[in-house]
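Okay, structure first, notes after.
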Protein chains: 4
Amino acid sequence: MQLLLDLDSEVPIYQQIRDRVVESVADGTLGPGASLPSTRQCAVDLAINFHTVNKAYDLLRREGIIRINRKSGAVIHPDVGRATPELRASEDWRPRLRVLLAEAVVRGVPEAEVAAYVRSALDGFALGRADEEKDGGD
Amino acid sequence: MQLLLDLDSEVPIYQQIRDRVVESVADGTLGPGASLPSTRQCAVDLAINFHTVNKAYDLLRREGIIRINRKSGAVIHPDVGRATPELRASEDWRPRLRVLLAEAVVRGVPEAEVAAYVRSALDGFALGRADEEKDGGD
Amino acid sequence: MQLLLDLDSEVPIYQQIRDRVVESVADGTLGPGASLPSTRQCAVDLAINFHTVNKAYDLLRREGIIRINRKSGAVIHPDVGRATPELRASEDWRPRLRVLLAEAVVRGVPEAEVAAYVRSALDGFALGRADEEKDGGD
Amino acid sequence: MQLLLDLDSEVPIYQQIRDRVVESVADGTLGPGASLPSTRQCAVDLAINFHTVNKAYDLLRREGIIRINRKSGAVIHPDVGRATPELRASEDWRPRLRVLLAEAVVRGVPEAEVAAYVRSALDGFALGRADEEKDGGD
DNA sequence: GTGGTCTAGACCACA
DNA sequence: GTGGTCTAGACCACG
């Protein structure tokens, strides 16, 4: 997992780390159980503050996306992509998604183009299909 | 136009106002040329400070979504939904959209459910279709 | 003289009127002694408030660019383009010009392009050359 | 960077700050990557409110002239003077320049004097030439 | 009446 | 330490 950060972005760094992890999990780069670098190593690699990485990992943990063990460090939660109560707890992606779609439409992007982008993005995600293979489809 | 704000949200109030206006434009509640309440009136209605409304309107103006006129106040920009260069300037909705889709998938939401939600949201937007009906697509 | 106003511009209307008159004088559309429409007529033509036109005319009068008589209305000052003390009084076009040039350069416009635009603009002004013809050059 | 403000000017303070920064960038006083004082420090130095500095910096950021970073504060954008799409976005310096040139001519300033001033101002700008010398024009 | 500017102080988020 | 947000009140410019 190669993290590319934009230190000048208005998006907080810890949020960027969290977002990149989420995307990596979705597209299959980081499968359930995969290890994340230690907070200190990650901080060194990205040339950022150790506490910032810590904050990102803590956020991911609270979202139920990773597990943190004292020994093995941070790993992707085994239930990721499984619709467990904890993961489904937050449904606020819906209103946020609606705002983004509205913004694109208001900016004059044809609905077909938006829909096509959504389709291509979803097609690029391996998480759902991996499940189908393993347990024959939910 | 009825704005519902969540004063306890971590999303800044001025951002919420901006988002609600964008959604209203997308779903046709606020058509091109429609008037927004004056900054001070809006502030009274929402029981917030007028400077906060001011910031939201200023943001919308800079995005090319509204026009601000000293005598008639703020109105929806006539070119909204038209793919003018100014409106299309920012294409960063793509990466932001990808993150949100990834988050939903990671949370275990089936891709079909995400796709369905996107479709229903886009179907609820009247902005694109209104043009086609009225002038056959200028 | 045909005035085109942008009522949504951040530039005040009275300033826009003043600017258009100045440009018309420079390019020869309005020569020394030429009549301007009456404030009331102008207000009707432009569909704006009478006081706004009044303010623009007053500004032009204070700058020494027009004369206002009770009988003949507003006319371009006969000394316009002549470097009279009143007209030369304000030299603040220099710092303002410098800022604009700096802005263009900072935005990446090649100096040659800026210089070329200045030359073409000056070439389009008939005011200086009219003098040369009449009194053989200063 | 020494900013001189005219608190009695009709030009808003935040605009003056923005203009001084733009000029400093153009004449090479502030090169790409150079640091600006923190908003609060700058406010103390200029004996004005920090919100006013904030507004100036925000304006410069939106114009693509500076970058604002939570840890290192504000720095001149590395692409300044490079004709990137964002910087070239606004071409409205042309009409504003034309008005200023017209004003000078109307005030009786000989075209040659105006042209000479423009030339000297552009010659005083190091931004374009610095590139040529350093890397032969990227 | 409208929006814009400046000041001021408190609180929070980020690194 | 940095910047960002919200609140508050006074004053001005515009139409």
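Every chain is numbered from 1, with letters handed out A, B, ... down the list of sequences.
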At less than 4.0 Å, is any side-chain N or O atom of [X] found next to OP1 or OP2 of [N]? Yes or no.
X	N	result
D:Thr52	E:dT7	yes
B:Thr39	E:dT2	no
D:Asn54	F:dG3	no
B:Asn69	E:dT2	no

Taking [atom1] from [X] and [atom2] from [N], how many angstroms apart are they, rounded to a whole number?
X	N	atom1	atom2	answer
D:Leu46	E:dA8	CG	P	14 Å
B:Ile68	F:dG15	CD1	P	15 Å
B:Leu36	E:dG1	CG	P	20 Å
B:Glu10	F:dC6	CD	C1'	16 Å
C:Ile17	F:dC14	CD1	C1'	12 Å
D:Leu59	F:dG4	CG	P	13 Å
D:Asp8	E:dC6	CG	C1'	14 Å
C:Ile48	F:dA13	CD1	C1'	16 Å

**Fill in**
By side-chain hydrogen bond (donor to acceptor under 3.5 Å, both in side chains), D:Asn54 pairs with (sequence neighbours left out) none
**Request:** Name all residues meeting the side-chain hydrogen bond (donor to acceptor under 3.5 Å, both in side chains) criterion together with D:Glu86; count only those two or more places apart in sequence or in a different chain, and write none if there are none.
**Result:** none
**Prompt:** When the nearest nucleotide of DNA chain F is assigned to D:Lys71 and to B:Ala47 on a heavy-atom basis, which residue is associated with the more 5' position?
**Reply:** D:Lys71
**Asked** If you find the nucleotide of DNA chain F closest to B:Val11 and the one closest to D:Ser38, which residue's nucleotide is nearer the 5' end?
**Response** D:Ser38
With [X], which residues qualify under salt bridge (Lys or Arg N to Asp or Glu O under 4.0 Å), at least two apart?
X	answer
A:Arg70	none
D:Asp92	D:Arg96
D:Glu10	none
D:Asp8	none

**Fill in**
Looking only at heavy atoms, the pair that brings C:Tyr57 and C:Pro37 closest together is OH-O, 2.8 Å
**Request:** Give one of base, sugar-phosphate or nothing for A:Ile13, where a contact means two heavy atoms less than 4.0 Å apart.
**Result:** sugar-phosphate
**Request:** Return each pair, listed once, that meets salt bridge (charged side-chain N to carboxylate O under 4.0 Å, His left out) where at least one residue sits in residues 41-61 of chain A; pairs must be two or more places apart or across chains.
**Result:** A:Asp58-A:Arg61, A:Asp58-A:Arg62
**Prompt:** What dot-bracket string describes DNA chain E from 5' to 3', counting Watson-Crick and G-U wobble pairs whose defining distances are under 3.5 Å, with [ ] for crossing pairs and | for pairs to another strand?
**Reply:** ||||||||||||||.
Can you tabulate the close N/O pairs, meaning under 3.5 Å, that link protein atoms to atoms of nucleotides 9-13 of chain E?
{"unit_1": "E:dG9", "atom_1": "O6", "unit_2": "D:His51", "atom_2": "NE2", "d": "2.5"}

**Complete:** In this structure, CG of D:Leu3 is separated from SG of D:Cys42 (nearest 0.5 Å) by 5.5 Å
